[in-house]
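What you are looking at is a predicted structure, and each value in this text was computed from that prediction instead of being measured.
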Amino acid sequence: MRDLIEWLKPGSRVKRYIFTLLISVLLLIFCGISLGRTSDLTPTMLIAYVLLITLSIFGIVFSFILAQRNILLVSLKNISRRNKNIRIRQLLYGDPKLKKGPRVVVIGGGSGLPNLLKGLKEYTSNITAVVNVSADDYTLTSAMSKEERVTPGDIRKCVSALSTSESDFSKLLTYKSDDGQGASIGNLIINALTNITGSFPKAIDKLSDIFQVQGDIYPVTTEDLILCAGLENGEVVVGKENISERVRETRTSIKQIFLKDGSLKVVPEVIDAIKKANIIVLGPGSLYTSICSNLLFDEVNKAIVKSKAKKVYVANIMNQPGQTEGYTLARYINEIERYLGKHVLDYAIVNNGEITSEMIKDFNQEGSTSVKIDLENIQNRAICVIQEDFVLTAKNALIHDSDRLAEIIMTLSLTKSIGDLNIVSMKRKHMKKEQMLTNKRVIKTKIQEYKRKKAQKKAEKLKNVTPKKNKKEKEIKASEKTQATINKLKDEISKE
């Protein structure tokens with residue numbers, strides 16, 4: 001009874017529709033009873049009853065619909081009043097629109113990947129984040145666990161970035177005590193869920209449900225991944241954490257990276273997501289340990305190459321000491337295509353905003369330099385480079401403007417061109433030109449091979465002729481000697 005009285009309080013905006021509903025129901029009952037008692041209906045009475053029954057039915061239907069509509073609007077307004085970041089329009093239309101958004105696969109790591117995901121989730125819910133999870137990532141290993149296991153890596157940051165729950169709640173995943181001695185709350189939660197569910201992938205699925213993640217997050221593999229690097233000085237470094245440290249110590253650069261165990265299996269969902277993607281984004285993140293390390297898997301590599309999705313590389317704002325000191329945009333792109341293949345990337349997005357020495361000093365970027373743009377050194381001439389000022393400042397870091405970056409990526413997923421530049425026709429033109437140059441090189445090589453073989457045959461022929469001459473000379477000398485012997489015998493006979 002108390003619940004019924006609450007609907008009659010001022011401000012509910014449903015009393016008028018309840019009253020209309022009651023009147024319509026009573027009118028319909030009255031018409032039914034009257035028709036049952038009336039034995040002789042005139043045409044006028046019949047028309048009147050039909051009109052009354054029609055009005056009562058319409059009154060019941062419309063009062064019910066309008067009452068439901070007002071209840072919904074009042075509820076949404078109360079929600080938005082308590083949380084000013086939520087708009088009623090977004091609540092009503094946002095979810096269906098996001099579900100129809102383009103399918104995006106993002107491959108990266110570090111702090112750059114979660115930052116990009118925050119921007120992308122405003123445009124689409126069809127997001128798949130592929131994260132490299134290393135077995136030797138000591139900085140993210142739970143300090144409370146004595147048992148060695150695959151560690152969460154950057155996954156917890158991605159979960160926090162794609163979470164649609166209250167922001168303070170999602171911050172639990174990245175929270176760590178100020179003394180820096182204990183494990184992060186996110187790692188403890190993941191380790192606990194791993195024990196409860198029995199596996200790391202199930203733990204991530206459960207975590208995504210708890211924090212209402214908009215999209216999917218997968219490790220590239222659930223097996224123990226150990227990354228190795230060959231340095232320019234000939235040294236081989238084992239372990240992701242050791243690579244950057246050893247590069248700094250030896251002051252040499254990375255020549256090549258590879259997996260200690262090349263038979264690791266890729267998570268099937270990663271390949272499915274790549275095949276269905278409308279756009280594939282590489283970066284931002286550490287060039288070798290976050291991006292190229294995922295391209296070491298043949299299945300991932302082949303899926304990206306065969307995919308009809310647009311391939312985009314997002315360059316870092318700053319070079320990373322211990323991995324990419326002094327690298328330019330061309331060096332980044334050329335290195336990625338060394339592992340991925342030539343002419344695979346369609347676009348490269350790079351920051352051209354000014355980074356002053358004061359910004360480097362104020363935001364703890366000493367020892368790092370900004371990525372310089374050198375278009376003339378890019379081997380893939382068909383790639384379209386998009387330059388814009390993306391620099392934003394954060395706590396002890398310079399980061400991308402995630403909203404602007406996500407907006408550009410969404411534009412690329414829906415169009416073939418940027419301004420007057422059509423990337424498809426441009427790519428075909430350059431690939432055709434390169435094919436012509438390749439054909440010329442092949443023809444030139446074949447001509448040189450033909451000339452070499454011809455010269456070799458001629459030399460062999462001359463070599464075979466020379467012995468015949470020597471044989472003839474020997475025969476002449478032999479005949480001359482025989483003739484001399486005959487003449488000598490004749491002289492001896494004539495003397496006798």
In the structure I gave you, are the side-chain heavy atoms of [X] and [Y] within less than 4.5 Å of one another anywhere?
X	Y	answer
Leu282	Leu345	yes
Val300	Val130	no
Val159	Ile190	no
Asn115	Leu392	no
Lys311	Ile336	no
Asn126	Val104	no

Gap separating the [atom1] atom of [X] from the [atom2] atom of [Y], nearest 0.5 angstrom:
X	Y	atom1	atom2	answer
Asp261	Asp224	CG	CG	9.5 Å
Glu354	Met359	CD	CE	8.5 Å
Leu231	Ile243	CG	CD1	8.5 Å
Leu227	Asn242	CG	CG	10.5 Å
Ser413	Arg103	OG	CZ	10.5 Å
Glu325	Ser244	CD	OG	9.5 Å

Side chain of [X], backbone of [Y]: donor and acceptor closer than 3.5 Å?
X	Y	value
Asn301	Leu295	yes
Thr197	Ser199	yes
Lys265	Glu223	no
Asn334	Asn377	yes

So which heavy atom on [X] is nearest to which on [Y], and how close?
X	Y	value
Asn352	Asp389	OD1-N, 3.1 Å
Ile317	Phe390	CD1-O, 4.4 Å
Gly110	Ser290	N-OG, 4.2 Å
Tyr313	Ile291	CE1-CD1, 4.0 Å
Ala229	Ile257	CB-CG2, 4.0 Å
Ile280	Ser307	CD1-OG, 3.8 Å

Evaluation steps, side chain to side chain contact (heavy atoms under 4.5 Å, CB included), between Glu269 and Asp216: CA-CA 9 Å; Glu269 288 81 0; Asp216 297 307; over 6 Å; no

Cationic N near anionic O, under 4.0 Å, Arg248 to Glu245: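 Result for this pair is no, no salt bridge flagged.
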
Arg404 and Glu407 ion-paired at < 4.0 Å: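 Yes, charged N to carboxylate O under 4.0 Å.
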
When you compare the side chains of [X] and [Y], does any donor N or O come within less than 3.5 Å of an acceptor on the partner?
X	Y	result
Glu235	Thr250	no
Asn294	Tyr339	no
Thr252	Glu232	no
Tyr332	Thr324	yes

Side chain to side chain contact (heavy atoms under 4.5 Å, CB included) between Lys118 and Asp403, intermediate numbers included: CA-CA 8 Å; Lys118 287 179 183 178; Asp403 294 332; over 6 Å; no

Enclosure of Phe258 CZ (heavy-atom neighbours >12, cutoff 6.0 Å):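 For Phe258, atom CZ is crowded (more than 12 foreign heavy atoms under 6.0 Å).
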
Glu249 CD: over 12 foreign heavy atoms closer than 6.0 Å: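 More than 12 heavy atoms, drawn from other residues, nucleotides or ligands, come within 6.0 Å of this atom.
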
